[in-house]
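Only heavy atoms go into these numbers, but all of them, side chains included; no hydrogens, no water, no symmetry mates. Just so it is clear: chains get the letters A, B, ... in the order the sequence lines come, proteins before strands, and each one is counted from 1.
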Amino acid sequence: MNDSAIPQPGDLPRQRYNAGLANEIEAKWQNRWEIERTFWAPNPTGDLSEGFDALSDNKKFFALDMFPYPSGAGLHVGHPLGYIGTDVFARFKRMTGFNVLHAMGYDAFGLPAEQYAVQTGQHPRVTTEANIANMKRQMRALGLGHDPRRGVATTDVDYYRWTQWIFLQIFDAFYDEQADRARPISELIPLLKADPSIGWDALSERERRELVDSHRLAYLDEAQVNWCPALGTVLANEEVTAEGRSDRGNHPVHRRPLKQWKLRITAYAERLLADLDGLDWTDSIKLMQRNWIGRSVGAEVKFGVAGHADASIDVFTTRSDTLFGATYMVLAPEHPLVDVIVASEWPNATLAEGLTDIRPAWRGIFGSDVSPPAAIHSYREFVAQKSELERVAEGKVKTGVFTGAFAVNPVNGNQIPIFIADYVLMGYGTGAIMAVPAHDQRDFEFANEFDLPIYCVIQPPETWLSEHAISQEAPAADWPEAFTGDGVGVRSSNDGVSLDGLAVSAAIQAMNDWLEATELGRPRVTYKLRDWLFSRQRYWGEPFPIIYDELDLPIAVPNSMLPVELPEVVNFEPEIVADDVDSVPAPPLARAEDWATVDLDLGDGVKTYRRELNTMPQWAGSCWYYLRYLDPTNTDAFVSREADEYWMGGEEGEAGGIDLYVGGVEHAVLHLLYARFWHKVLFDLGHVATKEPFKRLFNQGYIQAAAFTDARGTYVEAADVVERDGGHFLGTEPVQREFGKMGKSLKNVVTPDDIYGNYGADTLRLYEMSTGPLDASRPWSTRDIVGVHRFLQRLWRNVVDEDTGEARIDPEPADEETRRLLHQTIAGVSQDMTTLGFNTAVAKLITLNNRLTQVVGEQGIAPEEIVVPLILMVAPLAPHIAEELWERAGNDGSLSREPFPIADPAWLVMESVEVPIQINGKVRHRLLVPTSADETETEAVVRADPVVGSLLEGKTVRKVVVVPARLVNFVVG
RNA sequence: GCCCGGGUGGCGGAGUUGGCAGACGCGACGGACUCAAAAUCCGUUGCCCGAAAGGGCGUGAGGGUUCGAAUCCCUCCCCGGGCACCA
């Protein structure tokens with residue numbers, strides 16, 4: 001953009017505050033902070049406790065930024081918005097007497113470094129470390145007051161040793177439903193032995209191990225994944241195109257079950273939901289987590305299967321009141337009972353009420369000459385070929401196949417056909433539904449597609465019928481859509497229960513009571529939340545501390561043998577296997593043949609074990625990093641009890657947790673849910689003292705940037721575009737403006753380095769804080785930066801002689817008006833700091849400084865009474881210039897622990913206040929009224945004013961509204 | 001489709017237990033300094049009418065409640081985000 005506002009060197013005073021001087025000052029103070037250990041936050045005990053005694057009477061404050069990934073491109077100016085916000089707040093808290101912990105580490109495992117390694121052969125560790133070094137440099141240059149001792153990276157072997165340790169804690173735990181908490185697996189075995197229905201003594205070694213493994217919070221499971229044989233790896237949903245092919249290389253992707261590690265987060269669904277209530281998070285984030293967990297209250301109902309006396313199918317429903325309207329049943333295609341109940345031939349008997357024959361459509365899309373098992377097989381393949389995206393893209397067109405079997409509705413004994421269809425998901429509820437097409441839109445669509453009967457059992461109200469132009473008598477099959485609202489039950493009774501005439505909620509209650517009494521069903525709560533798929537076929541991740549013995553069952557690597565270090569490999573790519581749907585992935589770690597098997601003595605002699613070759617997903621390391629910040633050098637534990645209790649502990653009676661956690665809303669669900677889950681496991685097992693990690697969560701906004709396209713629609717370098725004549729131009733060519741994320745592809749990246757060079761870090765910090773509230777997204781505008789730069793320049797000039805560099809400060813008191821403004825500013829800024837309202841804090845500081853500029857203009861010197869508190873108030877926002885002014889004003893050492901100014905209430909009250917005088921709600925005049933005047937006095941003062949008198953002349957005052965010290969409104973007729 | 005946020009000058013944004021709309025900054029315009037420019041400093045700046053005094057209009061649109069609405073209620077439009085066959 002236009003560079004004309006950038007200060008240029010020339011015949012300027014030697015000590016003018018410009019980019020050059022700012023950079024000098026900034027480098028000086030960044031070095032001093034480092035040497036003087038200004039931001040070291042002492043622990044109460046242990047390695048990092050130096051200096052604690054001096055702060056032992058202070059309260060603690062733990063400020064945290066979300067863990068950044070050290071990308072090769074480094075930071076652009078959009079990244080540090082939140083980091084600056086936490087730094088300003090942390091510095092403010094430090095000045096109000098807190099022992100503040102603020103640190104920054106790196107979530108450094110991940111795909112980009114691995115892909116770069118695949119392309120170049122450069123080891124991901126080399127790339128990662130270079131990127132971390134660059135980001136550290138950029139953050140240091142921003143003047144962020146981090147404790148450098150605590151900046152861990154997930155790729156540090158000393159760090160992932162403890163990630164592995166925590167995984168083993170999860171592996172070695174089970175969820176005790178009665179106690180509603182996780183317990184060590186060692187406590188499970190006596191319970192299993194004591195359960196006569198298990199018959200422990202009769203079980204083989206393998207059976208015992210498998211039984212125990214099935215209770216673990218980390219377990220192996222056959223999970224449906226996006227398997228791409230050509231790439232040799234499973235892919236995330238985001239990596240699969242709408243056509244069901246790989247994003248990279250356009251290879252076929254298949255949905256198939258693969259044996260994968262899963263973490264039993266679903267055991268915590270209820271607590272993850274309930275404990276949200278006590279957290280200081282925004283409602284929208286809580287809502288997103290609630291929706292994700294997706295609690296649903298209903299009933300499980302047992303349906304018999306005709307001709308299979310020993311088989312029954314449990315369905316989950318939230319609408320047990322519609323049981324009498326069930327006309328068919330659907331199982332998920334993968335449901336294990338499908339193979340048990342499937343008929344060998346298509347039945348032709350008239351079994352179900354209202355059905356006279358098997359409809360041709362029921363045999364599915366595979367023709368009438370295939371048998372049910374063949375149709376089922378074909379349908380399963382058809383479903384497996386489809387990606388998630390395709391299933392969604394196909395919208396509401398329902399597909400499915402009849403199994404040839406019939407279920408028996410327990411409420412009336414009716415036989416209803418059983419289908420499989422992909423609109424029923426194996427992972428939710430029981431993987432089976434009863435279908436009530438009259439009162440469920442999906443079932444309605446399926447029933448119409450498959451020519452199935454539709455019976456109304458909830459009478460819709462008149463309004464609904466008339467809205468849809470349906471007559472009272474019309475059969476439900478003629479409805480344009482299902483009726484899902486509230487109505488009264490009809491045609492819904494048997495010998496034991498009648499729902500007729502009952503409203504939906506009462507009918508559900510009555511039906512559930514009956515189901516429970518007859519043992520045909522029971523109340524049940526289900527969740528949308530699924531267990532967490534925890535394996536990745538990657539190199540650059542934490543190896544699992546798991547080995548397999550001759551039974552091919554998993555065994556934990558003993559703690560004494562941790563860490564399990566990543567082996568060196570030459571090729572970081574997953575092995576490309578034939579394009580075979582049934583092939584097995586060979587993760588990169590399989591190539592480290594010396595590593596993949598290991599001879600160990602686990603107490604029963606040296607044996608050969610096979611290692612787990614998958615690695616953990618990137619989320620693993622970020623699940624607990626905040627705990628390692630507390631005690632990063634501890635070699636005996638992932639965190640000491642003392643450090644955990646000190647930094648995470650709450651005030652008396654408070655829940656505790658991190659005092660302020662700032663990050664983007666994109667982590668609203670995954671990271672925040674995973675980390676809460678790990679924290680709760682650690683809490684249950686007694687390793688941490690708090691049940692929730694993040695007490696207060698704040699979501700910062702994003703910085704967007706203008707991007708420009710030329711006539712061909714190609715992005716052009718935004719930095720070269722000039723604004724003139726109300727348009728944007730690249731040279732002489734007009735270009736189109738749009739706004740988007742800052743990035744290479746839009747050619748609109750602005751880096752902090754660019755801004756330091758032209759204005760300095762303090763200006764960048766102040767600019768980012770001033771452009772809006774921290775939680776709002778806003779467009780970047782390099783042009784606007786000059787505003788806050790001028791502010792710092794004026795502040796500097798008010799205090800320092802631009803020629804000599806000497807401070808000029810007047811010990812004489814300031815005038816009353818300025819003093820009053822000072823105290824108002826202190827009160828306002830303190831308030832704004834507390835609420836993270838940094839933009840308005842900056843505005844108030846500019847206002848005070850503008851007043852100071854006037855005073856200096858008149859008197860040639862700034863009163864100390866104003867200057868000193870102003871410097872201290874500026875310090876959290878623009879710390880380098882504040883430190884420098886503080887020093888030049890004659891102080892030794894850093895101001896980082898100087899007390900933040902406190903307003904004198906005496907100067908906050910005004911003797912009189914200007915109030916607007918309204919006639920019929922319109923402002924017609926303004927008058928000074930004593931602040932202390934009550935309604936009567938105010939009215940008297942106002943009525944006595946000659947201007948008001950003339951305004952009211954000839955008018956009838958019907959009513960007078962007086963709000964003391966606010967306004968007076970005359971209602972005239 | 002469902003669920004959340006949000007729409008205020010040319011721009012970023014202030015202001016909500018209902019009480020002076022537009023703080024602060026950018027830009028724009030005018031002035032000082034300068035041979036000139038930059039930088040800096042001073043002033044003006046919501047829109048319309050008016051020489052001015054003053055008046056009218058104005059917080060996405062329309063309606064309502066109220067002495068008084070950016071703020072509360074109803075209907076609608078637009079933008080951003082989340083979820084998406086969850087039985």
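- Both A:Arg966 and A:Leu287 lie close to RNA chain B; mapped to their nearest nucleotides by heavy-atom distance, the more 5′-ward contact belongs to A:Leu287.
- Of the listed nucleotides (B:G13, B:G25, B:C67), B:G13 has the atom at the smallest distance from the side chain of A:Pro773.
- Nearest nucleotide to the side chain of A:Thr317, out of B:C57, B:C67, B:A87: B:A87.
- A sub-4.0 Å separation between OP1 or OP2 of B:G12 and a side-chain N or O of A:Asn839 is absent.
- For the pair A:Asn920 CG and B:G55 P, the interatomic distance rounds to 14 Å; values are reported in whole Å.
- Checking B:C4, B:A87, B:U40 against the side-chain heavy atoms of A:Thr318 singles out B:A87 as nearest.
- You'll find that the side chain of A:Tyr428 is closest to B:A87, out of B:C85, B:U40, B:A87.
- Distance noted for atom P between B:U75 and B:C24: 39 Å (whole Å).
- Side-chain contact, A:Gln793 with A:Arg790: no donor N or O sits under 3.5 Å from an acceptor N or O.
- Across the interface with RNA chain B, nearest-nucleotide mapping of A:Lys922 and A:Thr430 shows A:Lys922 to be the residue nearer the 5′ end.
- Nearest to the side-chain atoms of A:Ile846 among the listed nucleotides B:G25, B:G13, B:A21 stands B:G25.
- Taking CZ of A:Phe303 as the reference point, atom OG1 of A:Thr430 lies at 10.0 Å (rounded to 0.5 Å).
- Per the geometry, OH belonging to A:Tyr702 stands 10 Å off C1' belonging to B:G81, to the nearest Å.
- Nearest nucleotide to the A:Val961 side chain, out of B:G19, B:C83, B:C85: B:G19.
- Put simply, A:Arg797 has a side-chain N or O that comes within less than 4.0 Å of OP1 or OP2 on B:C41.
- When the C1' atom is used for both B:U40 and B:C48, the distance is 36 Å, rounded to whole Å.
- Between A:Ser296 and B:A87, a side-chain N or O to OP1/OP2 separation shorter than 4.0 Å is present.
- The listed nucleotides are B:A23, B:C24, B:G12; the one nearest the side chain of A:Pro779 is B:G12.
- Each of B:A23, B:A87, B:C67 was ranked by its minimum atom distance to the side chain of A:Asp440; first place goes to B:A87.
- Regarding A:Ile917, its CD1 atom lies at a distance of 14 Å from the C1' atom of B:C67, rounded to whole Å.
- Remark: the A:Asn839 side chain and the A:Ser770 side chain contain no N/O donor-acceptor pair separated by less than 3.5 Å.
- In a base pair of the Watson-Crick type (N1 to N3 plus N6-O4 or O6-N4) or a G-U wobble (N1-O2 and O6-N3), with each distance short of 3.5 Å, B:G27 is matched with B:U45.
- For B:U40, the OP1/OP2 oxygens have a side-chain nitrogen or oxygen of A:Arg790 closer than 4.0 Å.
- For A:Asn850, the listed nucleotide lying nearest its side chain is B:C24; candidates were B:C24, B:G19, B:C26.
- Listed pair A:Gln793 / B:U40 meets the phosphate criterion, a side-chain N or O lying under 4.0 Å from OP1 or OP2.
- In the model, A:Thr399 has a side-chain atom that pairs as donor or acceptor with a side-chain atom of A:Tyr379 under 3.5 Å.
- Closest non-hydrogen pair, A:Pro437 versus A:Ala482, comes out as O-CB, 3.6 Å.
- How far CZ of A:Phe838 is from CE of A:Met769: 7.0 Å, rounded to the nearest 0.5 Å.
- B:G25 shows a glycosidic angle more than 90° from 0 and is accordingly assigned anti.
- Closest to the side chain of A:Gln918, from the set B:C26, B:A14, B:G19, is B:G19.
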